[in-house]
Protein chains: 2
Amino acid sequence: MDEKCSCDNCELKELFVDSLEEDHMEAVCSSKKEKDYSVGEVILKERTQIREFTYLKSGLVKLFRSDPSGSEQIITIAKPMDYVSLLSVFSNDEYNYSVTALEDSVTCSLNLENLRMMMRENGGLALSLLQKMSRAADRIILDTLEIRKKHLRGRVAYLLLYFSDNVYFSSEFDLPLTRKEMAEYVGMTTENVIRTLSEFRKDGILKIYGKTIQIVNQELLRSISEFG
Amino acid sequence: MDEKCSCDNCELKELFVDSLEEDHMEAVCSSKKEKDYSVGEVILKERTQIREFTYLKSGLVKLFRSDPSGSEQIITIAKPMDYVSLLSVFSNDEYNYSVTALEDSVTCSLNLENLRMMMRENGGLALSLLQKMSRAADRIILDTLEIRKKHLRGRVAYLLLYFSDNVYFSSEFDLPLTRKEMAEYVGMTTENVIRTLSEFRKDGILKIYGKTIQIVNQELLRSISEFG
DNA sequence: GTCATGATATGACATTTATCATACCGTGCT
DNA sequence: AGCACGGTATGATAAATGTCATATCATGAC
């Protein structure tokens, strides 16, 4: 909750900047709600009313669905600008997925009705937003298909490379997920995630110190991800 | 290819009707291209330039991706109003999926640049379209997660019920997919699709006459789909 | 510090699923 | 008619994956 207007250093501003006149920008800025979350906190919960359009300013989050039986499926891991609500904000009354923070995160929310109104008045804004959200949905669909094609080793490799290439930009990083969550993301059991990581370690592909992963043989990991 | 304006009986018209003034509606109508496809024909091909916004007026299509290795993954089966291009039209230069007709189908295409322009000028249209496309993308994501949770029997049951409940509205229908395509959709092998169908027949759940399926024990099929 | 708890780890085993071989059937082609 | 071809079908077997049991380790609560 920031009283002053902090939109100037918000990455989402680029969407609005060409689209909105100054006075509208003021309106956006004054109605927005910024919130801080620490690791593990729930950002939003499935089956609750959608009243806001939420996007991620900083941090890392997981989107997931939970079963009556208690099991969870992770839909995607999203970083800033990957997560600008999801499509359902414009087609559903209730969220059909939950979001929790994997790292300390900051979100910013706009009143959904206001945003709809702005979009109606300003097609350029609508189009920009559509494009952003399309990219996110596209990535989810393609990633899911990609993962489904692979065997266990390929799935784990894919996930590790995702973090290395797209989130941390380093061959060494701290996993933001537990082994269980990794399993929920790529659709396998916790034991098999652990086993596969151990195999990679034994094969000299990784060094593992608890949650810290160091990718030693990137070539090999990449070829396992693509097919192995 | 229709010379006269046939938009009056197009289901998509509802999107435009409240949004566009008469003269714009004329523009849409005159620039649109309607095309007929018969079973098996390619409607669009992945890795080709996106120049049009395409939606399905009638028929049934499959969206799929193909591998260098030759294997195909079906992303979704879509009927009219399920398929209004896909999100990528607004975020990509090239299609990342192909579409072919499972039944005789009619598509209608608008020039994408024109549509963009209309959306920029008319936020209401943009918002309506966003909503339609959101629903489609949402369904793909949720279906994929749903299918991933299930075992073979559950997957086949789910697929059969999809056709019965959402496409043909009858307990007896002709499968628009080969067994191989069913396998490509739900992520299993052709042999196992066939085997599972045979099991269902032996268990008295289905009657099978080639491509014609009759669901005899719907209760049981439904419980297998949910979990069994 | 001790305890409880959940995460990580590994092995043995059961189950599920894929692969390979083979056969049959229908359709279109000549 | 005869043939080639792709779809359907089934069984035997191999491979991949899940389940269950158990152990260790780290962490936070008290």
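Below, each value reflects all heavy atoms present in this structure, side chains not excepted, and no hydrogens, waters or symmetry copies. Chain naming here is simple, since letters A, B, ... match the order of the sequence lines and numbering starts at 1 in each.
Residue-level contact check: A:Lys202 touches neither bases nor backbone, having no heavy atom under 4.0 Å from any strand. Looking at heavy-atom distances under 4.0 Å, B:Thr190 makes no contact with the nucleic acid at all.
Side-chain nitrogen and oxygen atoms of A:Lys211 include at least one within less than 4.0 Å of the OP1 or OP2 phosphate oxygen of C:dT8. The side chain of A:Arg179 places an N or O atom within less than 4.0 Å of a non-bridging phosphate oxygen (OP1 or OP2) of C:dT8.
Rounding to whole angstrom units, CZ of residue B:Phe200 and P of D:dA9 are separated by 14 Å. Atom CD1 of A:Ile208 is separated from atom C1' of C:dT10 by 14 Å (rounded to the nearest Å). Nucleotide C:dT8 holds its P atom 14 Å from the CZ atom of A:Arg201, rounded to whole Å. Remark: P of C:dT16 and CD1 of B:Ile224 are 14 Å apart, rounded to the nearest angstrom. B:Arg148 has its CZ atom 20 Å from the P atom of C:dT16, to the nearest Å. Separating the CE atom of A:Met182 from the C1' atom of C:dA9 is a distance of 14 Å, rounded to the nearest angstrom. Regarding A:Arg153, its CZ atom lies at a distance of 14 Å from the C1' atom of D:dA15, rounded to whole Å. In this entry the distance linking CG of B:Leu197 with C1' of D:dT8 reads 10 Å, nearest Å.
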### Task
Give the B/S/- string for nucleotides 18-23 of chain C, one per nucleotide from 5' to 3', where a protein heavy atom under 4.0 Å of the base yields B, of only the sugar-phosphate yields S, and otherwise -.
BBB---
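A:Lys150 places a side-chain N or O within donor-acceptor distance of the main-chain N or O of A:Ser225, the cut-off being under 3.5 Å. Checked by atom type and distance alone, the side chain of B:Arg155 pairs as donor or acceptor with a backbone atom of B:Gly187 at under 3.5 Å.
A:Arg195 has no carboxylate O lying under 4.0 Å from a charged side-chain N of A:Glu191, or vice versa, which leaves the two without a salt bridge.
Annotation for B:Gln49: atom CD counts as buried by contact number, over 12 foreign heavy atoms lying within 6.0 Å.
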What side-chain donor-acceptor pairs closer than 3.5 Å can you find for residues 98-106 of chain B, not counting sequence neighbours?
unit_1   : atom_1 : unit_2   : atom_2 : d
B:Ser98  : OG     : B:Glu46  : N      : 3.0
B:Ser98  : OG     : B:Glu46  : OE2    : 3.3
B:Glu103 : OE2    : B:Tyr168 : OH     : 2.5
B:Asp104 : OD1    : B:Val39  : N      : 3.0
B:Ser105 : OG     : B:Leu60  : N      : 3.2
B:Ser105 : OG     : B:Leu60  : O      : 3.4
B:Ser105 : OG     : B:Glu103 : O      : 2.8

